[in-house]
Amino acid sequence: MKPISFLGLLGLATVSLASRVRDYEKYDYYVLHIDPSLASPEDVVQRLGFVAHEGQLADLTDHHVFRADKSSDDVASIEIKERRRRRRSLAEPDVLDSVLLAKKQVLKQRLHKRIIPDPPAGHVPSILSRQSDAVAVQRQSEVMKTLNIADPIFKDQWHLFNSIQVGHDVNVTQVWLDGVTGKNVTVAIIDDGLDMHSDDLKDNYFAEGSWDYNDNDPSPAPVLSDDRHGTRCAGEVGAVKNDVCGIGVAYDSKIAGIRILSKPISDEDEAEAMIYKYQDNYIYSCSWGPTDDGKSMEAPGVLIKRAMLQGVQQGRGGLGSIYVFASGNGASNGDNCNFDGYTNSIYSITVGAVDRAGLHPYYSEHCSAQLVVTYSSGSNDYIHTTDVGTNTCSSQHGGTSAAAPLAAGIFALVMEARPELTWRDLQYLAMETAAYIDDASAEWQDTAIGKKFSHTFGYGKIDAYSMVEKAKTWDLVKPQAWFFSPWLHIKKEIPQGEQGLAVTFEVTKDMLGEANLARIEHVTVTMNIEHTRRGDLSVDLVSPEGIISHIATDRPSDDHKGGYDDWTFMSVVHWGESGVGTWKLIVRDTHENDRKGTFTDWHLKLWGESIDADKATLLPMPNEDDDADHDVIVSTVPGAAHTASLPPKPSATKPVVSNPTDHPHRPTKPAKPTTESKPSPTSGSQEDSGTSTSEGQEATTSPASSSWISWLPTFGASKKAQIWIYGAIGLISAFCIGLGIYFYIARRRRLRNNPRNDYEFELLEEDEAEGLNTGEKATAAGKKGRRTRGGELYDAFAGGSDEEEDFDDYHDTRR
Ligand SMILES: *[C@@H]1O[C@H](CO)[C@@H](O)[C@H](O)[C@H]1NC(C)=O
Ligand SMILES: *[C@@H]1O[C@H](CO)[C@@H](O)[C@H](O)[C@H]1NC(C)=O
């Protein structure tokens, strides 16, 4: 039995514990997104023979958790697929028609703590002076006296006040002296637990914001012998000013513990964890992620992505939850934080490390998505903090794991000073006030707005004083807006060598005006490359201002055969640029060998501040296939694809979708702005997707983009196009019905002997060998098959996804 604190027990009164019990030994669990106008969760229970409806998944509207009897099958997806197959011949409605997404839950252990990895062979840490600076020591004593700091290891906490390498600390003491210590701000440590009984943490422990998803109870107390990581991180944020160990950088903040790393968890658990008590927990500190081995390339599943978007849109009363992620410790494995879908999310602040000598530690990953760095282990020292147990301190904490909570604690100070900052304001402030680190090897470049950026250190190290001061008078930014290019089809072999394959896309002022986008914050590039060795590839994005983002770097250990599959890279390097002009993407295959590849297509997205706040909308929830879904948004693109050194662009009568084997994405449905883009009552944003949509549809001179939204309802402008489209639909329909039957039979056959979930992989490869992938649908299935974990393919292909709805719709249109 693990101890449950008194506060934890109190929590029982308000939290329905029963609704959070998950017993994967006895049951299966499913998450279904249901259209409530068509069916209720109870209808679904009946229809699918589930045991019970467990309730909604946190605050994700219409996402419901169901308990079912154990089965090796994904019962929901099978039934949904069967229903869809029959829909054409049956007129009566079916409860399953209400299912927009179906996900069988599986427990998996795929997140790793970002603890300090072993140094690479031959690594020699720099030898540091241990000689204190007399003036600094004097100042330190004064500060301790003024603030009554008597914590025994405070003087070891060089990251708070460095009396040896003067200036190499977070510059926080004046912030404390000004009375800003984290009051009224809660930081949730999503990790392996939090020792809420520790004398150094208990006074700041926030039980109501805490949960244990590994043991399904309200108290995230450490259990395993190595459940120390979360407690150490919590100490960095909110260790109490007392006579135990040291203090947190925001020593009057509240700290919550959300335990997810100690056992396998499901996507449902993780999604819920990311928004647990998100009106009270302001900041989520995440010192974990997919393994940093230099070869994995993993992003959170769609439920987790939706939860994070929910967090930034609805958390903190609509100001947005703050997600702080450790950049990763794989630098010496050649890893890069753009290959991690958590750190390269625009919704997370990615924080890397700098050591007490101001040097880049061997482990801290580089990438264009890294916003800032802060202090952590290296040059023979560590972060000194609280540990699990009575009066136990740690002098061994480090890695980027220690950098993220330190940043989170500083952000808590900033939010005490300005509670009304949105999630984007906080990113602005971090970017604006980060301090340059004098290290030539960091390859600093000047950005268009006069900042310095380094892929090693982001915009530099966080300076607590500067950030808090700037926050005090900061003008809040307008809501977010975005511009998405159409898919740009390339289909060209990538030449080996330094030169690479360069492609361009021209963004005009009008395009951004129509998209309501005033200036850029984040840029994302989603791309598809077929390659027989993924690690040989690298990609640079060059903005119209000539600023370069190394969005992908080659990774020596990454042997994966398959290139990039709808992967989204992110850059914060272009922050503040207008975005107008020619964007260039350079894809390189610098390793001259027999491993080659083809650049299939890409998709540029510019995210930033809106021109007119009243026209801003909330981004719809992402779907499985993140780039086939944002119909409303795609329609804001008025211009045709313009590419250089490319094959001829699609002709005026041939929509982009006319090249089905180019890309797995099916055309999106005509804009349906009322479904998921509906702002919730708590947000101030207005729904106004209509304006840009109709403009996009009228852009008849730009077939490549307007086709994405206008051809479905109107069947395009010309007769020729109509004929072509009808033909294509007929072919695709016939093909899909055939493929559906084939899959169904094949699946049934295999299921008899194979309870495992990953057989689809083999199945798809057979399909390809048999030449079945001639249509768009098969390409989609083939690609998904290679990428997706077992079981999920069924959702992506056969049912449960919103795209499937789209597809059915155009069968209907045909009738
Ligand atoms: C650090 O804080 C002091 C105030 O204590 C401030 O004057 C200074 O500008 C801050 N930043 C740096 C980089 O020194
Ligand atoms: C905390 O917030 C509450 C409500 O916003 C406010 O009344 C209170 O004064 C705040 N406390 C501190 C210490 O800032």
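First listed ligand is number 1; within each ligand, the first listed atom is number 1.
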Could you identify the single nearest non-hydrogen protein atom to [atom] and state the distance to 0.1 Å?
{"atom": "atom 1 (C) of ligand 1", "answer": "N171 ND2, 1.5 Å"}
{"atom": "atom 5 (O) of ligand 1", "answer": "Q174 CB, 3.2 Å"}
{"atom": "atom 13 (C) of ligand 1", "answer": "D463 OD2, 3.3 Å"}
{"atom": "atom 7 (O) of ligand 1", "answer": "Y465 CE2, 4.3 Å"}

Inset, instruction - Kindly assign one of parallel, tilted or perpendicular to the pair Y428 and W474, based on the angle between their ring planes and the thresholds 30° and 60°. - result: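 Rings of Y428 and W474: tilted, as their planes differ by 30° to 60°.
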Legend entry - W607 and W482 aromatic ring geometry - parallel, tilted or perpendicular at 30°/60° bounds: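 Ring orientation, 0 to 90° scale: tilted.
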Inset, instruction - Using a cut-off of 6.0 Å, state whether more than 12 heavy atoms not belonging to K584 lie near its atom NZ. - result: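 Count not over threshold, so no.
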Legend entry - Heavy-atom side-chain proximity of T343 to C367 below 4.5 angstrom: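 The answer is no; the side chains never approach within 4.5 Å.
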